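What follows is a single structure, written as structure tokens, with notes after it.
It should be emphasised that the depicted structure is a prediction, and the values quoted were computed from it without experimental measurement. Reminder, nothing fancy here: chain letters follow the sequence lines and each chain counts from 1.
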2 protein chains.
Amino acid sequence: MKNVRKTVAKTKILEFIQNSKAAVAHSDIQASLKGVCDRVTIYRVLERLLKEGLIHKIVDVDGVVKYAACHTCENKFHQHNHIHFSCEKCKKVTCLDTIMPVFNLPQNYILNSVNFTVSGFCPKCK
Amino acid sequence: MKNVRKTVAKTKILEFIQNSKAAVAHSDIQASLKGVCDRVTIYRVLERLLKEGLIHKIVDVDGVVKYAACHTCENKFHQHNHIHFSCEKCKKVTCLDTIMPVFNLPQNYILNSVNFTVSGFCPKCK
DNA sequence: ATTATTTTTGCAACTATGTTGCATTAGCAA
DNA sequence: TTGCTAATGCAACATAGTTGCAAAAATAAT
């Protein structure tokens, strides 16, 4: 059977993501965990954390891939249909968990997942 | 004064984007215009076309940057608050110009622009 | 039509981001 | 303690995007 192992890298990376108020990029993790592990390891740990459903992946308006801890998801079949707010000044991406946009798709389109990112200024930067 | 020039590269790139039904990536343009101009030129032409308001930029759910012609925008101060549909099978990104999601931001957030991409299966692939 | 001006291009070099193969290390169960 | 295999480090590679600079091409001026 395929086991999941608890390693230093995985623990530190997950901690870092969970302690961050905003979504973090690979480069943020790398900068924060300087020396703990290799670049490549970070990519692989992120992959695993995603698969285990402990974090989710967000692509911000600039195409930067970021990761955030899952707070509201009870199981690994989570949905992330809420809005992500991307501040143009401080560049922070925050999950606005409670907000769900309403819209209708044209006929014959089958919806699977949504990625809503709005940008502007966050309360701190406005 | 700073003039805008009509060049072969610019014309061909704009034509290609306008003739595409779905949004195109830099790599699509490069593959289609093989030999017409340099990679770097494509980046620079795209930048100019964006600034001139002839095309708009979309980041798809996988973080791939794509470009689409502006059909519904009369002027360069266009807004692209409509939904982009990203097909998980054929990977095509289409603008659903007529659909505008409705939502409310929490207080103190200032909205500037939105980026709504939904994914699933398009009519052809469903 | 020719020249002058300035935008645009090509090329080389570079940075950032992400992936893969493989040998080594380290978790964990027996 | 040992054996299995997941996880890591390293090197190498792939792709996306940027920058500086000299040469080429578009347009304006003559």
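For B/Arg39 and C/dG10, a side-chain-to-base donor-acceptor distance below 3.5 Å is absent, hydrogens and geometry of angles not being considered.
Look at CG on A/Leu50: it is 14 Å from C1' on C/dG18, rounded to the nearest Å. Rounded to whole angstrom, the span from the CG atom of A/Asp38 across to the P atom of D/dT8 amounts to 10 Å. When rounded to the nearest whole Å, the span between CD1 of B/Ile29 and P of D/dG17 equals 10 Å. C/dT9 atom P lies 15 Å from atom CD of B/Gln30, rounded to whole Å. Per the geometry, CZ belonging to A/Arg5 stands 5 Å off C1' belonging to C/dG27, to the nearest Å. In this structure, OH of A/Tyr67 is placed 10 Å from C1' of C/dT17, rounded to the nearest angstrom. Following rounding to the nearest Å, B/Lys6 (NZ) and D/dA28 (P) show an atom-to-atom distance of 13 Å. Separating the CG atom of B/Asn3 from the C1' atom of D/dA25 is a distance of 14 Å, rounded to the nearest angstrom.
Each of B/Val8 and A/Val65 lies near DNA chain C, and the nucleotide nearest B/Val8 is the one positioned closer to the 5' end.
A sub-4.0 Å separation between OP1 or OP2 of C/dT7 and a side-chain N or O of B/Thr7 is absent.
Overall, the helix from C/dA1-D/dT30 to C/dA30-D/dT1 carries an axis bend of 30° between its ends, with five pairs at each end and the value rounded to 10°.
In summary, A/Lys57 and A/Glu47 do not engage in a salt bridge, as defined by a charged side-chain N under 4.0 Å from a carboxylate O. We find that B/Lys91 and B/Asp60 are not joined by a salt bridge, their nearest charged nitrogen and carboxylate oxygen being 4.0 Å or further apart.
B/Val36 comes within contact range of the sugar-phosphate backbone alone, with a heavy-atom separation under 4.0 Å but no base atom that close.
A/Asp38 places a side-chain N or O within donor-acceptor distance of the main-chain N or O of A/Val40, the cut-off being under 3.5 Å.
In the set C/dA13, D/dC10, C/dT17, C/dT17 carries the atom at the smallest distance from any side-chain atom of A/Ser27.
Closest approach of A/Ser113 to A/Leu111, counting heavy atoms only: O-CD1, 3.9 Å. Closest of all the heavy-atom pairs between A/Val59 and A/Val65 is CG2-CG2, 4.3 Å.
Residue A/Cys122 holds its SG atom at 10.0 Å from CG of B/Asn108, rounded to the nearest 0.5 Å.
Relative ring orientation between A/His26 and A/Tyr43 is described as parallel, the plane-to-plane angle staying below 30° on a 0-90° scale split at 30° and 60°.
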Let me see the working for A/Lys10 and A/Glu15 under salt bridge (Lys or Arg N to Asp or Glu O under 4.0 Å), right down to the final yes or no. CA-CA 8 Å; A/Lys10 192 179 168 185; A/Glu15 260 175 24; over 6 Å; no
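Only B/Val40, B/Tyr43, B/Arg44, listed by number, bring a heavy atom of residues 40-48 of chain B to less than 4.0 angstrom from any atom of DNA chain D.
Residues B/Arg39 and B/Ile42 are not in side-chain contact: their nearest non-hydrogen atoms beyond the backbone lie 4.5 Å or more apart.
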